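See structure below.
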Amino acid sequence: MTNIAGFQSVGVVGGGQMGAGIAQVCATYGLKTILVDINPKQIETARTGIAGSLEKLSTKNVITAEQKIAAIGSLAYSSDLSALKDCDLVIEAIVENERIKTELFQTLDKLTKPTCVLASNTSSIPITRLGAATTRPDKFIGMHFMNPVPLMKLVEVIPGMATSEDTTRRILDLAAGLGKETSRSADYPGFVVNRILMPMINEAFNALMEGVATAEDIDKGMKLGTNQPMGPLTLADFIGLDTCYAILKVLHEGLGDPRYRPSPLLAKHVEAGWFGRKTKRGVYKY
Ligand SMILES: NC(=O)c1ccc[n+]([C@@H]2O[C@H](COP(=O)([O-])OP(=O)(O)OC[C@H]3O[C@@H](n4cnc5c(N)ncnc54)[C@H](O)[C@@H]3O)[C@@H](O)[C@H]2O)c1
């Protein structure tokens with residue numbers, strides 16, 4: 001059985017765009033992986049999405065045909081959290097809401113074996129606070145994958161105040177074993193990636209709101225003018241406007257600086273249920 005940094009079996013909770021990608025990568029590298037979502041429809045969406053992505057990656061020779069077959073064989077799905085009781089590691093990738101994540105971690109804390117490491121893929125919620133809600137803050141850590149997980153190289157690793165060095169080292173080794181590069185950030189709001197990325201996305205919404213330019217021109221300006229793969233509004237639709245809004249609220253509250261206040265136009269999109277690609281409408285229509 002494959003063993004990376006002492007981890008043989010991994011549970012992933014949340015089968016949305018991030019959770020499905022994380023489960024896919026863990027399974028591609030041979031780890032016994034279980035993906036859990038409370039929504040059975042989402043499990044089917046994840047199953048189909050993962051199969052399609054593995055097919056595409058193997059056609060493009062990003063993964064081997066053996067890895068594709070191994071991934072499908074290593075991956076199980078469930079809507080029941082108790083399927084995770086024997087896991088060595090559980091990575092949470094549910095909605096960006098501290099109350100819901102805390103409740104989930106308290107349940108996972110009771111359900112999993114004491115040696116199991118608990119990790120959150122949160123974009124911004126304090127790791128120390130989530131870990132403190134469990135009886136194992138030393139085995140609790142932030143493991144922030146980037147979207148789309150099978151293609152993006154980075155995992156931002158965020159130890160909380162009480163995370164042990166052993167846990168941090170194992171998670172850094174695991175990420176490397178999954179073919180990723182890692183960066184290490186301290187547990188401050190938004191860590192590094194979102195603390196710097198979200199103000200740019202927010203400013204793009206404010207520029208759009210003030211009529212400085214059209215959405216297309218804002219994206220074109222930033223894409224071609226600053227050599228980014230896509231403009232900030234396209235990227236926001238890709239991340240999920242609900243997720244961007246939640247992260248900005250955490251930055252605003254946590255850092256107490258008005259420059260992080262979410263743009264009213266971003267808030268309006270979220271109120272309208274226009275969350276981006278995943279709801280087929282965000283700044284753009286899909
Ligand atoms: N979208 C991004 O680009 C991105 C990047 C890095 C990190 N993140 C973080 O990853 C997490 C997930 O984001 P996403 O974009 O995949 O969201 P998403 O909305 O695509 O998926 C969330 C999934 O969680 C499930 N869920 C909700 N509550 C649950 C529960 N109690 N138990 C089990 N499943 C539950 C939902 O059914 C849904 O399938 C968030 O914390 C987000 O901040 C997102």
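Fair warning: this is a prediction, and the values are worked out from it, not measured in the lab. Numbering of ligands and ligand atoms starts at 1, following listing order.
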At less than 3.5 Å, what protein N or O atoms come close to the N or O atoms of ligand 1? Include the distances to 0.1 Å.
| unit_1 | atom_1 | unit_2 | atom_2 | d |
| --- | --- | --- | --- | --- |
| ligand 1 | 1 (N) | Q17 | NE2 | 3.3 |
| ligand 1 | 1 (N) | I239 | O | 2.8 |
| ligand 1 | 3 (O) | N147 | ND2 | 3.1 |
| ligand 1 | 8 (N) | S123 | OG | 3.2 |
| ligand 1 | 10 (O) | N121 | ND2 | 2.9 |
| ligand 1 | 15 (O) | Q17 | NE2 | 3.1 |
| ligand 1 | 16 (O) | Q17 | N | 3.4 |
| ligand 1 | 16 (O) | M18 | N | 2.9 |
| ligand 1 | 19 (O) | K278 | NZ | 3.2 |
| ligand 1 | 20 (O) | Q17 | N | 3.2 |
| ligand 1 | 34 (N) | I38 | N | 3.4 |
| ligand 1 | 37 (O) | D37 | OD1 | 2.7 |
| ligand 1 | 37 (O) | D37 | OD2 | 3.4 |
| ligand 1 | 39 (O) | D37 | OD2 | 2.6 |
| ligand 1 | 41 (O) | I94 | O | 3.2 |
| ligand 1 | 41 (O) | E96 | OE1 | 2.6 |
| ligand 1 | 41 (O) | K101 | NZ | 2.7 |
| ligand 1 | 43 (O) | E96 | OE1 | 2.9 |
| ligand 1 | 43 (O) | S123 | OG | 2.6 |

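Salt bridge D86/K113: absent, no basic N to carboxylate O contact under 4.0 Å. Under 4.0 Å is where a charged nitrogen must lie from a carboxylate oxygen, and between R99 and E103 at least one such pair does.
Between the side chain of D37 and the backbone N or O of G14 there is no donor-acceptor pair closer than 3.5 Å.
Remark: the R136 side chain and the T112 side chain contain an N/O donor-acceptor pair separated by less than 3.5 Å. Neither side chain, S164 nor D166, offers a donor N or O lying under 3.5 Å from an acceptor on the other.
With sequence neighbours excluded, no residue forms a side chain to side chain donor-acceptor pair (under 3.5 Å) with D138.
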